[in-house]
Amino acid sequence: MASVALPYWQEVDLTIPLRLLAGTETLLYLNERRGVVVTVRARYTNVGDTLPAELAVMYTVLPSLEGTAWITPEPVHRVADVAKLLGFPGRYRVVAIPPVRKRSTLFRNRPAVIATAGSLHLDGSNLLEYVRARLRGERPETQLSEVRREAILDRAQAVVDEYTALKLDVAYRIENSALFDPAVPTTQALEVALVRWQNEADLLAMKELDALASEVEIAYAVARDHAETVGFSHLPGAKEADARRAAKAARLAERASSEGERIAAQEQVVRILESLALHYLPAALAGRKEISPPSG
């Protein structure tokens, strides 16, 4: 039986086996009083497996989106089984939602939010209200003032610019290689969205343009979060240690205090990239150029 991807903001069939969920899915269990966000992450034994060998099931009770607790996966077979373990009595509903984003920067911690697009901001304080409105058939985000076409174009362009910058960051690309491997489903979805944006944006009316920009933003958020979660483990096991050395050398080249130190680190990166020979890592020549200091 093939795996399924759940459309966001739609109610989920309670009888669906959890093993059929594709990749990582985020579910909101809710009733009249409370909500619980559940993340189901599939773990596969071999590349190409259609069904996971095991499941990691985690939850956090709203309004928190920060902390998560584990559910023992053995007795959890269907969507409804999770509700029993969470203590949902009587009537409840389950809705598929975009993933929770929990990223930190060098300068500050960003609060956890739901990965959304445009001016829509969802966190633990307003998620339940928004989902209940969607279940009633409403679209709360349409009540916001209409974003000008140029602002929509800027939103998608910001994704394109950031993604391009990450491609040129040799160390980041080695450390989070899944973001650049089209064989990864989340990356493939991002690349499809970016191609659609490039080919269709100029032809779309405002509503369709906004929807496509949202698709690009969410696809990027999902792909980047996935890549940063798996990190070096995306690489073949035998090559992971070499990749770690290449990333460390690339970081050293970036902050080198002398030209000699920079060149030595740069050459080490190039040698390792040549030996790794993975199509989704920077090419050796590109690696040499991209970790060179800016001219002028």
Side-chain angles (χ1 to χ4, degrees), residues 1-44 50-103 110-117 120-143 185-186 214 218 221-222 225-226 229-230:
M1 189 177 296
S3 61
V4 296
L6 302 175
Y8 295 144
W9 312 120
Q10 294 190 23
E11 199 161 354
V12 177
D13 181 352
L14 302 181
T15 66
I16 291 179
L18 293 180
R19 287 185 179 274
L20 294 189
L21 302 185
T24 298
E25 293 284 357
T26 307
L27 307 175
L28 174 64
Y29 288 69
L30 72 159
N31 58 19
E32 293 181 357
R33 300 189 309 277
R34 68 186 183 116
V36 177
V37 174
V38 172
T39 301
V40 181
R41 182 171 297 140
R43 292 175 174 170
Y44 296 87
T50 56
L51 293 177
E54 60 178 337
L55 297 171
V57 184
M58 296 158 284
Y59 74 94
T60 183
V61 179
L62 292 178
S64 173
L65 287 175
E66 297 288 350
T68 56
W70 288 81
I71 295 176
T72 304
E74 284 76 11
V76 180
H77 302 293
R78 297 182 182 273
V79 172
D81 294 336
V82 178
K84 296 175 184 177
L85 294 179
L86 296 175
F88 268 88
R91 182 175 173 77
Y92 65 93
R93 306 170 86 170
V94 181
V95 176
I97 64 173
V100 178
R101 303 198 70 188
K102 303 178 182 177
R103 286 223 311 273
R110 295 179 180 177
V113 297
I114 302 298
T116 56
L120 179 63
H121 177 89
L122 295 177
D123 56 28
S125 68
N126 61 359
L127 177 61
L128 276 179
E129 180 182 357
Y130 178 83
V131 170
R132 286 170 177 148
R134 289 294 296 257
L135 291 175
R136 293 193 298 266
E138 302 172 9
R139 293 294 297 269
E141 62 270 29
T142 62
Q143 299 171 5
T186 52
S214 298
I218 293 178
V222 172
D225 285 353
H226 169 74
T229 297
V230 299

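We're numbering straight along the sequence, starting at 1. Nothing here was measured: the structure is a model prediction, and the numbers come from that model.
Residues Tyr8 and Pro99 approach most closely at OH-CD, 3.8 Å, considering heavy atoms. Between Val100 and Asp225, the closest heavy-atom pair is O-OD2, 4.3 Å. For the pair Met58 and Thr68, the tightest heavy-atom approach, listed with the atom from each and the gap, is CB-CB, 4.2 Å. Between His121 and Asn126, the shortest heavy-atom contact is O-ND2, 2.9 Å. The minimum heavy-atom distance linking Arg34 with Gly87 is given by the pair NH2-O, 3.2 Å. In plain terms, the two heavy atoms of Asn31 and Arg91 that are nearest each other are CB-O, 3.5 Å.
Here the side chain of Asp123 pairs no donor or acceptor atom with the backbone of Leu65 at under 3.5 angstrom. No donor-acceptor distance shorter than 3.5 angstrom exists from the side chain of Gln10 to the backbone of Ala96, with no hydrogens or angles considered.
No side-chain heavy atom of Val79 sits less than 4.5 Å from a side-chain heavy atom of Asp13. Put simply, the side chain of Leu18 reaches to within 4.5 Å of the side chain of Val82, judged on heavy atoms. With contacts defined as side-chain heavy-atom distances shorter than 4.5 Å, the pair Leu62/Leu28 qualifies. Within the 4.5 Å cutoff, the side chain of Val57 has no heavy atoms near those of the Leu85 side chain. Considering only heavy atoms from C-beta on, Leu86 stays 4.5 Å or farther from Tyr92 through its side chain.
To the nearest 0.5 angstrom, His77 atom NE2 is 8.5 Å from Arg19 atom CZ. In this structure, OH on Tyr59 lies 15.5 Å from CG on Leu27, to the nearest 0.5 angstrom. Atom CZ in Arg134 sits 13.0 Å away from atom CD in Glu11 (nearest 0.5 Å).
For Tyr130, the ring pair (Phe, Tyr, Trp, His ring centres under 6.0 Å) criterion is met by Trp9, not counting sequence neighbours.
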query: Does the side-chain contact (heavy atoms from CB on, under 4.5 Å) test come out yes or no for Leu122 and Val131, once each step is laid out?
result: CA-CA 10 Å; Leu122 295 177; Val131 170; over 6 Å; no

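Stacking of Arg33 on the aromatic ring of Phe88 is not recorded, the 6.0 Å distance cut-off and the 45° axial limit not both being met.
In the displayed structure, Glu129 atom CD is contacted under 6.0 Å by at most 12 heavy atoms of other residues, nucleotides or ligands.
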